[in-house]
There are 2 protein chains.
Amino acid sequence: MDDHADHTRKPRADAVRNRERVLEAAKAVFNAGGPEASLEAVAKRAGVGIGTLYRHFPTREALFEAVYRREVEQLSELAEQLKNAKDPVEALRRWLRSGVEFVATKKGMMAALALAVQSGSELHAFSFERLTKAIGSLLDRAVAAGEMRADISPEDLLRAFFGMCYVHDQPGWQATALRLLDVFVDGLRVQPPGKAKASSSKTTKPATKRKR
Amino acid sequence: MDDHADHTRKPRADAVRNRERVLEAAKAVFNAGGPEASLEAVAKRAGVGIGTLYRHFPTREALFEAVYRREVEQLSELAEQLKNAKDPVEALRRWLRSGVEFVATKKGMMAALALAVQSGSELHAFSFERLTKAIGSLLDRAVAAGEMRADISPEDLLRAFFGMCYVHDQPGWQATALRLLDVFVDGLRVQPPGKAKASSSKTTKPATKRKR
DNA sequence: CGAAGATACGGAGGCTTCCTCCGTTTAACA
DNA sequence: TGTTAAACGGAGGAAGCCTCCGTATCTTCG
């Protein structure tokens, strides 16, 4: 495609190469040393000056975002697939469980989630939106089917999920997280009609009208 | 040998005074600047050399623990009082809500909780035990009354609570946390007998026998 | 009271990391 | 091949962590 209006030079080859190197090094270093690892170490491993690293990724978070974009995308695509499942509640549950597995497997996933959940920088936008949408689509389906209460937002759920995974470096955390998520999903189901216990709404002003 | 072992010298007055000063300064600095605040700043505010600070509190965590011991105790005493409430489920719910308020008010509370939850250092022992016991007593009562499922441990619940509070520096976090905790408590209630939906046990091997 | 010894003080200094700034190098384009 | 915009890289200042040890101060006991 010939772009005449575009006066942009072709990006320099060394720039592209270095960017890639830094990404790869960062992946390795972060996976090994956690999200606090030294950026200078990353630069050294990439065989690149610290200045170059900072030029490509002005902040630690920018680098994180770039490194874990793929993970976030995978998780979010999984939601897409699960939308075809019959039971919407089960689908949501399964997504959450897969999320736990992700965190367990990909060592940097937690950092990616932290970025997505901790709104603050501009840079988290991508992850946040992507994951919120993923959860939202599953949640909406369950709500639409009348199986789940409607007063929890996708953001809330994302935060809950993150919270459950937060202790991801303790011995039994995975089992714990799965248990907690199950409890949480149970709590999300609409209370059986007729015999509602109206538990929480007794002490809280309902954030949303409950079943009219 | 005459073991008048307990013939310890009286602790030096300046040492006691300085310890107190450091604690006070730390409280102020941590509440203002968060748990990452500079220890040198603490020392300066206390009018004390950095060496003195480190002698009294060899690690950042030790200092934290000392600063927030009181807060943890308060929270834990609250549980004691709530044990007298009629409705055990409601008591638990209230405790959790108070916890959220604590975190909202005392800015360093999160750090104290983090220490309590993240088992790891030796130093967290006190907080962890204290809070686990607090939650445990409320939880047990609810379980004994047949109102709550028995497959969640106090540690699990503590972690869940912590997780819900984790995003404690976002705009609406407090409302979110309260909502999430409500959902969670709902999920903790035993499913209404006779008409059980057996939601989670369908996909998970039951951690505990459910009422069959 | 006054000396002796134990204890605590404080901050210099070595180390690590962060991040910026700018002189030098190099790839793209004509 | 020359021009020039873009990228490189690392020196260096700022800040924080933590240790070490000479000096100051407190407690004890004769």
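All values reported here derive from a predicted model rather than from experimental measurement. Letters A, B, ... are given to chains in the order of the sequence lines, protein chains preceding strands, and every chain is numbered from 1.
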*Asks:* Quick check for you: among C:dC18, C:dC29, D:dT27, whose closest atom lies nearest to any side-chain atom of A:Y54?
*Replies:* C:dC18

*Asks:* Between A:R60 (CZ) and C:dC19 (P), how many Å, whole number?
*Replies:* 7 Å

*Asks:* Separation of B:K10 atom NZ from D:dC26 atom P, in whole Å?
*Replies:*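 Distance check: B:K10 NZ to D:dC26 P gives 13 Å.
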
*Asks:* Is a donor-acceptor pair below 3.5 Å formed from side chain A:R12 to base C:dT26, judging by atom type as modelled?
*Replies:*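 Indeed, a donor on one side and an acceptor on the other fall under 3.5 Å apart.
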
*Asks:* Side chains of A:E101 and A:R97: closer than 4.5 Å at any heavy-atom pair?
*Replies:* no

*Asks:* Could you state the atom-to-atom distance from CG of A:L53 to C1' of C:dT20 in whole Å?
*Replies:* 14 Å

*Asks:* Please state how far atom CZ in B:F57 lies from atom P in C:dC9, giving the value in whole angstrom units.
*Replies:* 11 Å

*Asks:* So what does B:T52 touch, heavy atoms closer than 4.0 Å: a base, only the sugar-phosphate, or nothing?
*Replies:* base

*Asks:* Can you figure out which of C:dG11, D:dG16, C:dC9 approaches the side chain of B:A15 most closely?
*Replies:*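 Output: C:dC9.
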
*Asks:* For B:I50 and C:dG13, give me the distance from atom CD1 to atom P, rounded to whole Å.
*Replies:*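 Atom-to-atom, B:I50 to C:dG13, this comes out as 16 Å.
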
*Asks:* Taking the side chain of B:D14 as heavy atoms from C-beta outward, which of C:dC19, D:dT25, D:dT4 is closest to it?
*Replies:* D:dT25

*Asks:* Using a strict threshold of under 4.0 Å (side-chain N to carboxylate O), is an ion pair present between A:R93 and A:D186?
*Replies:*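 Answer for the salt bridge query: yes.
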
*Asks:* Hey, does the side chain of B:H56 come within less than 4.0 Å of C:dA8's phosphate (OP1/OP2), counting only N and O?
*Replies:* no

*Asks:* Using atom CG of A:L39 as one end and atom C1' of D:dG10 as the other, report the distance to the nearest whole Å.
*Replies:*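 Result: 16 Å.
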
*Asks:* CD of A:E61 versus C1' of C:dC18: gap in Å, rounded?
*Replies:*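 Atom-to-atom, A:E61 to C:dC18, this comes out as 14 Å.
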
*Asks:* Evaluate the side-chain proximity of B:L75 to B:R130: yes if any heavy-atom separation is below 4.5 Å, no if none is.
*Replies:*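 Not touching, per the 4.5 Å side-chain cut-off.
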
*Asks:* Is there a side-chain contact between B:T59 and B:F64 (heavy atoms, below 4.5 Å)?
*Replies:* no

*Asks:* Considering only NZ, NE, NH1 and NH2 on the basic side and carboxylate oxygens on the acidic side, decide whether B:K133 and B:E129 come within less than 4.0 Å.
*Replies:* yes

*Asks:* Where the side chain of A:S38 is defined as all heavy atoms beyond and including C-beta, which of D:dG10, C:dG10, C:dC18 is the nearest nucleotide?
*Replies:*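 Nearest listed nucleotide: C:dC18.
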
*Asks:* Please tell me which of A:A37 and B:R55 maps to the more 5' nucleotide of DNA chain C, matching each residue to the nucleotide holding its nearest heavy atom.
*Replies:* B:R55

*Asks:* Go through C:dC19, C:dC9, D:dT27 for me and flag the one nearest to the B:N18 side chain.
*Replies:*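 Closest of the options to the side chain of B:N18: C:dC9.
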
*Asks:* Could you give the CZ-to-P distance, from B:R9 to D:dT25, as a whole number of Å?
*Replies:* 16 Å

